[in-house]
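Given the structure is predicted, the values throughout are model-derived calculations rather than measurements. Chain identifiers are assigned alphabetically (A, B, ...) following the order of the sequence lines, protein sequences preceding nucleic acid strands; residue numbering begins at 1 within each chain.
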Amino acid sequence: MNNNNNGEVRVRFAPSPTGFVHIGSLRTALFNYLFAKHSGGKNILRIEDTDQTRKVEGAVENLIRVMGKLGIEFDEGPVQGGDFGPYYQSQRLDFYKKYCDELLAKGSAYYAFETSHELDEMRKLQQLEGRQTMYDRRARDLSEDEVQENLKKGLPYVIRLKVPLNEEIRFNDLIKGTIRIETNIIDDQILLKSDGFPTYHLANVVDDHLMKITHIIRGEEWVTSVPKHIIIYNALGWEVPEMAHVPLILNSDKSKLSKRQGDVAVEDFLQKGYLKETLTNFIAFLGWNPGEGEEQEFFSMEELIKKFTLEKVQSSGAVFNVDKLNWMNNEYIKNYDPDKLTELALPYFSKAGIEISNTERIKKILSLVRVYLNKLEDIPDNISFLERKEIEPDNDNLKEILNSESSKKVFEKLSEKISLLDELNPENYKTAVSEVQKDTGLKGKELFKPIRIALTGSENGPELPLIAEILGKDKVLDLLKRWF
RNA sequence: GGUCCCAUCGACUAGGGGUUAGGUCGUCACUCUUUCACAGUGAAAACACGGGUUCGAAUCCCGUUGGGACCGCCA
């Protein structure tokens, strides 16, 4: 256990700002947040922007916005600052330089002068020979004189880690248990690039140490580089933080979740009208569950914080199942506070061309259709009856029903009854229909089906009396009159 | 290919020496409903395989197979 900092837990979410927020990143961020809050510790945001070629304008702002929207808060970071800043790695170059020099002085790192091109050639050859692609450590034993000479010539260089040979690195992962790797197969990783920026490996070790990070919680794709990091910690005489590598989120074919097979951007899910409660709840359960026979599936952020432990994180990957996401979102939508849901739904009504100034009316419509919604984006498809001016049944079957003699009778009678009313409401609509039933002797499908089709253009949907009320007397009469 | 990780219904998972292997999504059926949906009830559906250890293995160990990740002057 890491005991610096008086035992206070400090974790970090350290994304590189290269664009949208990946579902996998969201889960890593969530787990960090839940773990920090559960332990009464600090959650820190650090921006890993050491790759100058991959910078994306606005990505950091976007990331912070998305996290904020989902209720994932940071105690320290670019926005709120903190005692361990700056929180952009690109502003911490002096630190990396300093410790890189220290590594050099201690003989744990060395200069290398190969160009990218030369390295490419090396790898190609290794591949051709069926060997593992790996730096051949050719610059490892350059003499001091040779190094100085190259430096004097102004040759571009990188600093590489001098991996100790013939050793075994062993560490305990909080999720996966003990992991051991032979150092001989570990690359002499580049620490400092020729542009003077550090690589991830150097920067994350230096920062995690300087920022007093106690637990590193990140994706499983990092496990294989842990030994490199441990070598750096050891060389610098630093304590290694606890590690927890969370399993990957997978496509339905079990490969790492990727854009090729559907949406992976949190922004997209938000935009489609997946609620933030759904997203955090669902994502938390991808690879984690409370265990102990617990069968509750709906958890608020507060409950998640209370229940979350690393021990209950699954060690195998989890397929991202949109069907279940939809189900859960639908459950949240069905049970959401009507006023709040209305507020969230307004933009989707607006997009469908519905006048939204009368929010009470929107609320009423929403109460009719929410049961059908997997996501708010489904609203337009489910309220098409509102703005339908022409009834154009999309198949002959419907047309036939509308044009039958008995239907005409129904429409005519119903119009008569409704035109006598001051205002249409579910009660007097029902009364009117049952009067039609008495007068015509028609009932069941022969009575209800034609009306539904005439009013909505569809064979099914929400309860007719409620739809009738929302449409209003004039609209209903207008729609009926077209058919007799 | 090398290294590392992983393995319970189609999916998410509970269970971690003795269970009729439980729940949720999805699927199917039935009930309710003058429609669809909702709701309710029920069904089909899993311990990858082979060896050990043990009185007893889904559970512990080893191996096999299968899957995945990583192998950049990216993170």
Whether the side chain of Asp188(A) engages the backbone of Arg137(A) through a donor-acceptor N/O pair (distance < 3.5 Å, no angle test) should be reported. no

With sequence neighbours excluded, tell me which residues meet side chain to side chain donor-acceptor pair (under 3.5 Å) with Thr278(A). Asn329(A)

Do Asp101(A) and Lys98(A) sit within salt-bridge range, that is, some charged N less than 4.0 Å from a carboxylate O? no

Rounded to the nearest angstrom, tell me the gap between atom CD1 in Ile249(A) and atom P in U13(B). 10 Å

Would Arg370(A) pass as a cation-pi partner of Tyr336(A), given that its NZ or CZ must be under 6.0 Å from the six-membered ring centre and within 45 degrees of the axis? no

Which whole number of Å gives the distance between the C1' atom of G40(B) and that of A21(B)? 26 Å

Phosphate OP1/OP2 of A75(B) contacted by Lys193(A) side-chain N/O (<4.0 Å): yes

With sugar-phosphate meaning primed atoms plus P, OP1 and OP2, does Ser116(A) contact a base, only sugar-phosphate, or nothing at under 4.0 Å between heavy atoms? base

Sorted by chain and residue number, the salt bridge (charged side-chain N to carboxylate O under 4.0 Å, His left out) partners of Lys306(A) (sequence neighbours excluded) come out as none

Rounded interatomic separation in angstrom, taking OH from Tyr88(A) and P from A75(B): 17 Å

Spacing of Gln52(A) atom CD relative to A75(B) atom P, expressed in whole Å: 10 Å

Tell me, which of residues 329-337 of chain A have any heavy atom that sits under 4.0 Å from an atom in RNA chain B? Glu331(A), Lys334(A)

For a quick test of reading the model: is some side-chain N or O of Gln314(A) closer than 4.0 Å to OP1 or OP2 of A14(B)? yes

Taking atom C1' in both G50(B) and A43(B), compute the distance separating them and give it to the nearest angstrom. 34 Å

Atom pairs, N/O to N/O, protein against nucleotides 24-33 of chain B, distance under 3.5 Å?
{"residue": "U24(B)", "atom": "O4'", "partner": "Glu297(A)", "partner atom": "OE2", "Å": "3.1"}
{"residue": "U24(B)", "atom": "O2'", "partner": "Glu297(A)", "partner atom": "OE2", "Å": "2.4"}
{"residue": "U24(B)", "atom": "O2", "partner": "Lys324(A)", "partner atom": "NZ", "Å": "2.7"}
{"residue": "C25(B)", "atom": "O2'", "partner": "Lys324(A)", "partner atom": "N", "Å": "3.4"}

Euclidean distance, atom CZ of residue Phe385(A) to atom P of A37(B) [Å, nearest integer]: 17 Å

Under 4.0 angstrom, heavy atoms only, what part of the nucleic acid is Gly287(A) near: base, sugar-phosphate, or nothing? sugar-phosphate

Looking for any heavy atom pair under 4.0 Å, which part of the strands does Ser315(A) touch: base, sugar-phosphate only, or nothing? sugar-phosphate

Examine U13(B): is either OP1 or OP2 under 4.0 Å from a nitrogen or oxygen in the side chain of Asn289(A)? Give yes or no. no

Same-atom distance (C1') from A46(B) to C25(B), integer angstrom: 15 Å

For C55(B) and A48(B), measure between their P atoms and round to the nearest Å. 25 Å

Using only modelled atom types and a 3.5 angstrom limit, is any donor from either the side chain of Tyr372(A) or the base of C38(B) paired with an acceptor on the other? no

Atom pair distance, as rounded to whole Å: OH in Tyr111(A) and C1' in C73(B): 16 Å

May I have the distance from Phe320(A) (atom CZ) to G10(B) (atom C1'), rounded to whole angstrom? 17 Å

Starting from the 5' end of RNA chain B, give me the residue, Leu286(A) or Arg54(A), whose nearest nucleotide shows up first. Leu286(A)

Sequence neighbours left out, what passes salt bridge (charged side-chain N to carboxylate O under 4.0 Å, His left out) with Glu311(A)? Give chain and number order. none

What interatomic distance, in whole Å, is found between C1' of A39(B) and the corresponding atom of U33(B)? 10 Å

Mutual orientation of the aromatic rings belonging to Tyr111(A) and Phe113(A) [parallel < 30°, tilted 30-60°, perpendicular > 60°]: parallel

How do Pro15(A) and Val223(A) order along RNA chain B: which one's closest nucleotide is nearer the 5' end? Val223(A)

Ion pair Arg46(A)/Glu48(A), N-O distance below 4.0 Å: yes

Between U54(B) and C61(B), how far is it from one C1' atom to the other, in whole Å? 12 Å

Rounded to whole Å, the CZ-P distance (Phe299(A) to G23(B)) equals 17 Å

Figure out the NZ/P separation between Lys307(A) and A14(B), and round it to whole Å. 14 Å

Parallel under 30°, tilted from 30 to 60°, perpendicular over 60°: which one fits the rings of Trp327(A) and Phe298(A)? tilted

Euclidean distance for P, G1(B) against A57(B) (whole angstrom): 35 Å

Using a cut-off of under 3.5 Å, enumerate the N/O to N/O pairs linking the protein to nucleotides 65-72 of chain B.
{"residue": "A69(B)", "atom": "OP1", "partner": "Lys256(A)", "partner atom": "N", "Å": "3.1"}
{"residue": "C70(B)", "atom": "OP1", "partner": "Lys256(A)", "partner atom": "NZ", "Å": "2.8"}
{"residue": "C70(B)", "atom": "O2'", "partner": "Thr224(A)", "partner atom": "OG1", "Å": "2.9"}
{"residue": "C71(B)", "atom": "O2'", "partner": "Thr133(A)", "partner atom": "O", "Å": "2.7"}
{"residue": "G72(B)", "atom": "OP2", "partner": "Arg123(A)", "partner atom": "NE", "Å": "3.4"}
{"residue": "G72(B)", "atom": "OP2", "partner": "Thr133(A)", "partner atom": "OG1", "Å": "3.3"}

